[in-house]
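Structure record follows, encoded as structure tokens.
Below, chains carry the letters A, B, ... as their sequence lines are ordered, and counting in each starts from 1.
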Protein chains: 2
Amino acid sequence: MKNILFDFISKYVSLTEEEKNAIVSLDIFHSVKKGTILLKEGEKSKASYFVLKGCIRTYYVLDGEEKTTAFYTEMEALTPTCVINKTPSEYYVSCVEDCILLISNTDMEAEINSKFPKFETMCRLFAEELLAKQRIDFDEFKTSSPEQRYLNLLQKRPDLVQRVPQHQLASYLGIKPQSLSRLRARLLEKKS
Amino acid sequence: MKNILFDFISKYVSLTEEEKNAIVSLDIFHSVKKGTILLKEGEKSKASYFVLKGCIRTYYVLDGEEKTTAFYTEMEALTPTCVINKTPSEYYVSCVEDCILLISNTDMEAEINSKFPKFETMCRLFAEELLAKQRIDFDEFKTSSPEQRYLNLLQKRPDLVQRVPQHQLASYLGIKPQSLSRLRARLLEKKS
DNA sequence: ATGAATCGTTCACTTAAGTTAAGAAATGGC
DNA sequence: GCCATTTCTTAACTTAAGTGAACGATTCAT
């Protein structure tokens, strides 16, 4: 498990044994059951999540309806906006599956950052990379139709379509569950 | 003009006179004419832009059609994804109006970062804040209809609706110019 | 100032998503 | 295993966006 983390980190900076030990000693590995709510609307939090195994999602509850806006799977990280903005959360975070997560908090990060400036560089690079990824995702979303977005998802994250409930996928694609169901039926028609 | 920049920076870190001078000496203030293309599809670039005055936009050309995905106005910064990923750009960046821009490049930033660690902290905080802002924007986009998105834009960036051509606004809202035109007519009907 | 190109609106028509409702299928708890 | 709940699909109908085309209005270049 630890190796997975350090392999990931090594893409950004190289750590000494001392630095690795400092991270391990923080005791941030957690097993979390499917359905667990990690963050609720209205709550304040300092926690960030890194998914080692499993899948978590963020969702809003608008007019009593869940609107799923993001999924995070293996090797993906989520720092909720409420953590960055220091405001109550506008959305929920919960586990789509049983998960092994790395859960850190702002204070721990600040401590590590001051001890190891290298770590701050990593965080900056990581934030910038995420910013670029998210920008591309947003642009693709804006410039394509629901059908194209679904096909795009099948290409890029085929696992998601399998492991996540349809109605959650639907709002992730910006449409209603019925529309996703119909859209899929339409695509099957076309193929044959 | 310099004061505008330093007021902005002071939201993240406090700079000494020495540090301010180091920044000014980089000679990064530029006037750019409306219509100027700052970055073309396929180009590699190391340049980032901070808008002191005016408006710039990013757009793709897909099937010969321009798809505008973002606008940056006063006090907003753009680091194109191609700069972060070190890949050829997938989109264009151009000036919607005459602009006064602060144009920096990766090498300059690296130099300043190593001289003043404080600067790297600022970049990290800034990237994180942008990440949170963009996440919220994306979530709002996903969870709302074109009409809601337009009304939302009227609330949050009323200036954009005035200063930017309709057909650019339309793709920014994820629809066709005709649809935006119709949507606006529909809203006027409703009001009366 | 004038002609050319671009831009915004309107219209008729097509296509697809939203809505409401019903029922089948899958899942979870006991 | 069985019931209750949730999830997925289907269908009929409504609403709004996409498409193609036409026509002023505006902008731009010379």
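Between the side chain of B/R184 and the base of C/dG8, no donor-acceptor pair of N or O atoms lies under 3.5 Å. Under 3.5 Å, the side chain of B/R182 and the base of C/dG8 form no donor-acceptor pair of N or O atoms.
Regarding A/K176, its NZ atom lies at a distance of 19 Å from the P atom of D/dT14, rounded to whole Å. Between A/R149 atom CZ and C/dA16 atom P there is a gap of 14 Å when expressed in whole angstrom units. Atom CZ of A/R186 is separated from atom P of D/dA11 by 15 Å (rounded to the nearest Å). If you take CG of B/L183 and C1' of D/dG18, they are 14 Å apart, rounded to a whole angstrom. Nucleotide C/dA16 holds its C1' atom 12 Å from the CG atom of A/L187, rounded to whole Å. Rounded to an integer number of Å, the gap from A/E65 CD to D/dT6 C1' is 15 Å.
Contact check for A/S94 versus A/Y59: side-chain heavy atoms found under the 4.5 Å cut-off.
When only modelled atom types and interatomic distance are considered, A/T68 and A/R57 share a side-chain donor-acceptor pair under 3.5 Å. In summary, the side chains of B/E120 and A/T121 do present a donor paired with an acceptor at a separation below 3.5 Å, with no hydrogens or angles considered.
Checked options B/L38, B/D98, B/I100, B/I56; the residue passing with B/V32 is B/L38 (criterion: side chain to side chain contact (heavy atoms under 4.5 Å, CB included)).
When distances run from any side-chain atom of A/P146 to the nucleotides D/dC8, D/dC28, C/dA17, the shortest one goes to C/dA17. Taking the side chain of B/S181 as heavy atoms from C-beta on, and the options D/dT10, C/dG8, D/dT19, the nearest nucleotide is C/dG8. Taking the side chain of B/K34 as heavy atoms from C-beta on, and the options D/dC28, D/dC8, D/dG18, the nearest nucleotide is D/dC28. For B/A185, the listed nucleotide lying nearest its side chain is C/dT10; candidates were D/dT19, C/dG18, C/dT10. For A/S179, the listed nucleotide lying nearest its side chain is C/dA17; candidates were C/dA17, C/dT19, D/dA17.
Residues B/E147 and B/R186 are paired through a salt bridge, judged by an N-O separation under 4.0 Å between the basic side chain and the carboxylate.
Neither OP1 nor OP2 of C/dT6 sits under 4.0 Å from any side-chain N or O of B/H167.
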